[in-house]
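What follows is a short report on a single structure.
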2 protein chains.
Amino acid sequence: MPVTIKVNEESFTPRQQAVLTAALDLLVENGEGLTMTAVARRASCSKETLYKWFGDRDGLLTATVQWQAAKVRMPQVDRSALSAKALRLSIEQFARDLLTTIVGEVSITLNRTAVTHAAQEKDRLGIIVLENGPLAIRRRLKPILEAGRDARLLRFDNSEDAYRTFFGLVVRDVQIRLLLGDRSLTQSNVEANIEADATAATNQFFALYGADTAP
Amino acid sequence: MPVTIKVNEESFTPRQQAVLTAALDLLVENGEGLTMTAVARRASCSKETLYKWFGDRDGLLTATVQWQAAKVRMPQVDRSALSAKALRLSIEQFARDLLTTIVGEVSITLNRTAVTHAAQEKDRLGIIVLENGPLAIRRRLKPILEAGRDARLLRFDNSEDAYRTFFGLVVRDVQIRLLLGDRSLTQSNVEANIEADATAATNQFFALYGADTAP
DNA sequence: ACAGAACCGTACCGTACGGTACGCCAAGCC
DNA sequence: GGCTTGGCGTACCGTACGGTACGGTTCTGT
């Protein structure tokens with residue numbers, strides 16, 4: 001008895017959002033410790049209500065991920081001002097935001113949950129995370145890159161390639177190491193370097209795609 | 001009753017390796033379908049034997065990952081020949097091998113398993129995968145990079161940064177998308193582009209770190 | 001030839017957890 | 001005040017699975 005997923009609706013009642021918050025908290029704390037009983041207890045509601053609202057465990061999980069993934073802050077950069085300096089700042093800001101998001105505990109949890117899910121023929125969560133993570137960034141960044149090209153500030157044939165290179169330069173091996181639980185990458189440790197890393201990645205990106213680069 | 005893990009020993013009897021193969025097959029097919037009963041049935045052995053050999057489910061999982069991760073082919077490049085051309089070929093070969101590994105079904109399965117594991121305070125598998133994946137590549141690549149620098153073919157302050165940039169340029173968003181089950185990235189689809197992607201990444205890497213690059 | 005170990009197959013136990021049923025209370029509505 | 005609805009809490013059921021026990025069979029060493 002599948003329940004229609006609420007997409008593009010923030011139509012969760014406050015009570016329901018409280019439940020989703022509880023579920024997310026459990027996910028973050030316990031990883032796989034998201035049991036229906038635990039959520040019910042944490043949110044002070046009955047299991048019956050959970051099943052009524054979300055259909056089954058998978059529905060609850062999906063709703064939680066969906067709801068949380070949709071609220072990752074995505075930088076809104078103005079496309080109008082296109083001086084070389086403004087473009088660089090925009091892109092650097094993107095790098096910063098991307099790193100900040102990826103490093104966050106919520107993001108790590110969501111990605112882990114989705115990967116776990118994807119290990120069982122189910123790609124629903126994976127698609128959701130993908131859609132709200134990398135792909136969302138791509139949707140926002142591409143127009144900026146193309147505007148930069150139109151203004152002769154950047155040079156590339158394929159904006160897709162340019163975006164993916166940017167992603168690689170910024171993320172490097174940080175995300176996979178965090179997902180794998182690398183102990184030598186403490187949260188604070190990484191956070192302290194976000195500024196420098198974002199700047200470095202931006203410099204490298206411009207070195208590769210800046211219009212003043214030798215072809 | 002923990003069982004000592006066999007590290008740096010290929011000391012699994014053929015029979016045990018058959019069991020591990022069965023376990024890996026189940027992992028690849030079913031993701032989380034690795035149940036002790038299933039492994040026993042698939043390998044035509046008794047559960048009691050499994051527990052005797054591997055201690056518990058976690059031990060079996062660890063042994064499987066350990067055993068499999070250790071056998072990922074790692075390119076052996078000769079450090080001696082250090083013409084500019086040879087260096088570029090070595091690095092390009094690294095890119096190719098890295099991509100080929102990452103795209104493989106076994107690698108995806110192992111990484112997913114380790115990530116799932118890491119979502120439960122357990123970082124054992126994560127460390128193993130990390131150690132045999134990115135870190136192994138790093139151990140092999142770094143000397144080459146440094147040799148390249150000593151021969152004035154490359155220029156960088158920090159070989160760690162250079163390695164991580166290389167990793168980012170090569171892997172980009174491919175791995176995370178595969179782990180998340182991105183349907184638009186079929187195996188064959190990606191494999192077909194390995195050659196081109198490896199070359200492109202190498203070019204970009206030399207553009208950033210080649211000695212003839214403007215500082 | 002015989003004892004003992006190794007191991008297979010199966011049956012069994014305990015528990016955790018997804019999912020359901022039911023009794024009860026409180027709020028809104030007639 | 002009665003009645004309905006929504007939701008809480010708890011008890012309950014079924015099952016899947018980790019882990020153990022045990023009888024029977026093959027292999028090994030003496």
Side-chain angles (χ1 to χ4, degrees), chain A residues 1-6 11-65 113 116-117 119-122 124-125, chain B residues 1-6 11-65 113 116-117 119-122 124-125:
Chain A
M1 201 147 304
V3 161
T4 59
I5 330 167
K6 324 210 172 187
S11 57
F12 287 116
T13 71
R15 187 75 183 91
Q16 286 172 332
Q17 296 195 26
V19 170
L20 294 180
T21 302
L24 182 70
D25 287 351
L26 283 175
L27 267 188
V28 172
E29 290 172 19
N30 260 347
E32 291 303 283
L34 187 137
T35 98
M36 301 303 274
T37 309
V39 174
R41 194 155 37 216
R42 171 81 60 118
S44 291
C45 73
S46 77
K47 283 170 66 175
E48 201 169 12
T49 304
L50 292 185
Y51 284 102
K52 186 172 177 181
W53 285 349
F54 304 104
D56 57 4
R57 183 179 181 278
D58 239 50
L60 173 59
L61 208 54
T62 306
T64 305
V65 172
T113 305
T116 300
H117 215 67
Q120 316 161 345
E121 297 96 295
K122 313 180 181 177
R124 229 161 149 214
L125 293 189
Chain B
M1 201 152 299
V3 161
T4 58
I5 329 169
K6 324 210 173 185
S11 60
F12 286 117
T13 71
R15 187 75 183 93
Q16 286 172 332
Q17 297 193 28
V19 169
L20 294 180
T21 303
L24 182 68
D25 287 351
L26 283 175
L27 267 188
V28 172
E29 292 170 18
N30 262 345
E32 292 303 283
L34 188 136
T35 108
M36 301 303 274
T37 310
V39 174
R41 194 155 39 216
R42 170 81 61 118
S44 290
C45 73
S46 78
K47 283 170 66 176
E48 200 168 13
T49 304
L50 293 185
Y51 285 102
K52 187 173 178 182
W53 286 347
F54 304 105
D56 57 4
R57 183 179 182 277
D58 238 51
L60 173 58
L61 208 54
T62 306
T64 306
V65 171
T113 306
T116 300
H117 215 67
Q120 314 161 346
E121 297 96 294
K122 314 180 181 177
R124 230 161 149 214
L125 294 189

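Just so it is clear, the values below take in all heavy atoms, side chains as well, and ignore hydrogens, waters and symmetry mates. Lettering of chains follows the sequences in order, A, B, ..., and the numbering in each one begins at 1.
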For C/dA6, does either OP1 or OP2 sit under 4.0 Å from a side-chain N or O belonging to B/Trp53?
no
Residues that A/Glu29 engages under salt bridge (Lys or Arg N to Asp or Glu O under 4.0 Å), provided they are two or more places apart
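Partners of A/Glu29 under the salt bridge (Lys or Arg N to Asp or Glu O under 4.0 Å) test: A/Arg42.
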Applying salt bridge (Lys or Arg N to Asp or Glu O under 4.0 Å) to A/Lys122 and not counting sequence neighbours gives A/Asp58
Does B/Arg57 reach the main-chain N or O of B/Leu34 with its side chain, forming a donor-acceptor pair under 3.5 Å?
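Flag set: sc B/Arg57 to bb B/Leu34 pair under 3.5 Å.
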Could you tell me whether a side-chain N or O of A/Gln17 sits under 3.5 Å from a main-chain N or O of A/Phe12, the two making a donor and an acceptor?
yes
A/Glu48 (side chain) and C/dC22 (base): donor-acceptor pair under 3.5 Å:
yes
Pairs under 3.5 Å (N/O, protein and nucleotides 15-18 of chain D):
| from | atom 1 | to | atom 2 | distance (Å) |
| --- | --- | --- | --- | --- |
| D/dG18 | OP1 | B/Arg57 | NE | 2.9 |
| D/dG18 | OP2 | B/Met36 | N | 3.0 |

Rounded to the nearest 0.5 Å, what separation is found between the NE2 atom of B/His117 and the OG1 atom of B/Thr62?
5.5 Å
Contact class for B/Arg15 (heavy atom, under 4.0 Å): base, sugar-phosphate, or nothing?
sugar-phosphate
Rounded to the Å, how far apart are A/Leu50 CG and D/dT10 C1'?
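Spelled out: CG on A/Leu50 to C1' on D/dT10 is 14 Å.
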State, to 0.1 Å, how close B/Thr37 and B/Lys47 come at their nearest heavy-atom pair, and which atoms those are.
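Shortest heavy-atom separation between B/Thr37 and B/Lys47 comes out as OG1-NZ, 3.7 Å.
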Between B/Ser46 and A/Asp58, just flag the one whose closest nucleotide in DNA chain C comes earlier from the 5' side.
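Closest to the 5' end, via its nearest nucleotide, is B/Ser46.
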